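I have placed the structure first, in the form of structure tokens, so that the comments after it can refer back to it.
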Amino acid sequence: MRKLYQFIFDYLRKRMPERNPRFPHLDQPLKIMLIYESDVLERNDSIKSIRQDLLRRRMDVTMWGFVEKKEITSLVLPQSRVLGLEDFKFWGKPKENVLKDLQAEHYDLLIDLTPRPILSLRYIAMYTDADFKVGLNLGEGIHDMLLSLPDFTPEQGAEAAIEASWLYEQMMKFLTTIKSND
């Protein structure tokens, strides 16, 4: 079944309109979409500290997480949302109400802190309307800037133990370095 779901995802990805990415200037206030894999209890302390860092940088931050369970206990807020299995169709694509909410906003930057290829979050990354998308190189061609890890393969999954805060620091290091060389 996984191959079928991947086939559907690849088909839909190829039908997406051509993008013209614009590199973000982090010295200006930006509207940022942060997507991540939520912990089972939906506390996400490391993600909240990343949000605080971005708020200190005068960024407008929206966070969408995903946890693989049916019942979500977190509130759906304009700036923070945790999605569960009930928010996606059988093959992993977001339901229409989720897509409508996702595409209602435009973002300057998408930061994808997903450490492994989770189909539901790959759909969220693909359908997010953002000028620039950054994430791990998981092989699907969704992001404009890819961060590759030398000892990481997507098959390793959670065993690779990539921390969201470490991944965020690496992404910000590259984004600020590239900006300084503009």
Side-chain angles (χ1 to χ4, degrees), residues 2 5-6 8-10 12-26 30-39 44 46-51 53-54 57 59-68 79-83 87-88 92-94 98-99 102-103 105-179:
R2 251 189 191 157
Y5 299 157
Q6 182 63 44
I8 294 168
F9 175 81
D10 290 337
L12 293 172
R13 182 180 49 82
K14 289 175 185 171
R15 298 193 69 207
M16 292 294 291
E18 185 81 18
R19 291 178 22 84
N20 288 325
R22 290 185 318 158
F23 192 81
H25 294 283
L26 295 179
L30 299 174
K31 190 167 188 175
I32 296 178
M33 168 61 100
L34 187 70
I35 62 174
Y36 61 95
E37 181 179 12
S38 175
D39 59 44
N44 305 308
S46 64
I47 300 299
K48 290 176 183 174
S49 66
I50 290 169
R51 182 175 191 273
D53 179 59
L54 289 168
R57 295 174 187 247
M59 307 295 176
D60 180 13
V61 183
T62 301
M63 308 181 316
W64 280 32
F66 172 77
V67 64
E68 204 164 323
Q79 298 296 318
S80 179
R81 183 174 190 171
V82 176
L83 303 168
D87 295 306
F88 294 87
K93 184 179 177 187
V98 174
L99 279 176
L102 180 65
Q103 295 174 330
E105 296 289 330
H106 173 78
Y107 301 94
D108 299 307
L109 176 64
L110 166 79
I111 298 176
D112 184 349
L113 297 176
T114 310
R116 58 193 180 101
I118 301 170
L119 188 62
S120 300
L121 285 173
R122 290 167 54 205
Y123 272 109
I124 297 298
M126 181 172 71
Y127 286 117
T128 298
D129 179 19
D131 290 336
F132 197 79
K133 299 179 181 185
V134 60
L136 270 181
N137 186 3
L138 299 175
E140 69 271 329
I142 296 172
H143 303 95
D144 303 310
M145 185 177 98
L146 301 170
L147 184 66
S148 293
L149 304 177
D151 299 322
F152 174 76
T153 61
E155 292 78 32
Q156 288 174 310
E159 294 80 36
I162 299 171
E163 295 290 325
S165 56
W166 180 84
L167 188 55
Y168 168 74
E169 289 172 17
Q170 300 306 307
M171 289 178 183
M172 293 307 285
K173 188 185 317 180
F174 281 108
L175 287 170
T176 54
T177 301
I178 292 170
K179 188 265 172 210

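Owing to the predicted nature of the structure, the values given are computational and were not obtained by experimental measurement.
- The two atoms that bring Met171 and Asp112 nearest to each other are CE-O, 3.1 Å, heavy atoms only.
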Next item on the list: Evaluate side-chain contact (heavy atoms from CB on, under 4.5 Å) for Met59 paired with Leu109, printing each intermediate quantity in order.
Entry: CA-CA 10 Å; Met59 307 295 176; Leu109 176 64; over 6 Å; no
Check: Run the side-chain contact (heavy atoms from CB on, under 4.5 Å) check on Gln79 and Arg51 step by step: do they pass?
Finding: CA-CA 10 Å; Gln79 298 296 318; Arg51 182 175 191 273; 3.8 Å; yes
Margin query: Before you tell me yes or no, could you show the steps for His106 and Asp131 under side chain to side chain donor-acceptor pair (under 3.5 Å), namely the whole-Å CA-CA distance, both residues' side-chain angles and the distance that decides it to 0.1 Å?
Written below: CA-CA 8 Å; His106 173 78; Asp131 290 336; 3.0 Å; yes
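- Residues Val98 and Arg81 meet the side-chain proximity criterion, which asks for heavy atoms closer than 4.5 Å.
- Between the CD1 atom of Ile47 and the CD1 atom of Ile35 there is a distance of 10.5 Å, given to the nearest 0.5 Å.
- Here the closest non-hydrogen pair linking Asn137 and Ser148 is ND2-OG, 3.3 Å.
- Salt bridge annotation for Asp10-Lys14: absent, with no cationic side-chain nitrogen under 4.0 angstrom from a carboxylate oxygen.
- Closest heavy-atom contact between Ala164 and Leu113: O-CD2, 4.0 Å.
- Here the closest non-hydrogen pair linking Pro94 and Ile124 is CG-CD1, 4.0 Å.
- Other residues, nucleotides and ligands place more than 12 heavy atoms under 6.0 Å from the CZ atom of Arg13.
- In this structure, the separation between OH on Tyr168 and CD1 on Ile50 is 7.0 Å, given to the nearest 0.5 Å.
- Residues Tyr107 and Thr128 share a closest heavy-atom pair of CD1-CG2, 3.8 Å.
- Put simply, CG on Leu167 and OH on Tyr36 are 14.5 Å apart, with the number rounded to the nearest 0.5 Å.
- For Glu169, the CD atom is densely surrounded, since the number of other residues' heavy atoms within 6.0 Å is greater than 12.
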Next item on the list: Start with the C-alpha distance between Lys93 and Met126, add both sets of side-chain angles, then the distance that settles side-chain contact (heavy atoms from CB on, under 4.5 Å), and finish with yes or no.
Entry: CA-CA 11 Å; Lys93 184 179 177 187; Met126 181 172 71; over 6 Å; no
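- Between His25 and Phe23, the two ring planes are perpendicular [angle over 60°; tilted spans 30° to 60°].
- Residues Lys31 and Asp60 meet the side-chain proximity criterion, which asks for heavy atoms closer than 4.5 Å.
- Residues Glu68 and Ile118 form no side-chain contact, since every pair of their non-hydrogen atoms from C-beta on lies 4.5 Å or further apart.
- Between Leu26 and Met172, the closest side-chain pair of non-hydrogen atoms falls below 4.5 Å.
- The aromatic ring centroids of Phe88 and Phe66 lie less than 6.0 Å from each other.
- Remark: side-chain polar atoms of Arg19 are paired, donor with acceptor, to backbone N or O of Ala130 under 3.5 angstrom.
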Checklist line | Candidate pair Trp64 and Asp87, rule side-chain contact (heavy atoms from CB on, under 4.5 Å), full reasoning | finding: CA-CA 12 Å; Trp64 280 32; Asp87 295 306; over 6 Å; no
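- Side chains of Phe132 and Leu30 form no contact here, defined as non-hydrogen atoms less than 4.5 Å apart.
- Lys133 contributes no side-chain N or O that, together with a main-chain N or O of Pro21, makes up a donor-acceptor pair within less than 3.5 Å.
- A distance of 10.5 Å separates OH in Tyr5 from OH in Tyr123, rounded to the nearest 0.5 Å.
- To the nearest 0.5 Å, the span separating CE on Met63 from CG on Asn44 amounts to 7.5 Å.
- Asp108 places no side-chain N or O within donor-acceptor distance of the main-chain N or O of Ile32, the cut-off being under 3.5 Å.
- Heavy-atom minimum distance, His143 versus Gly135: CD2-N, 3.6 Å.
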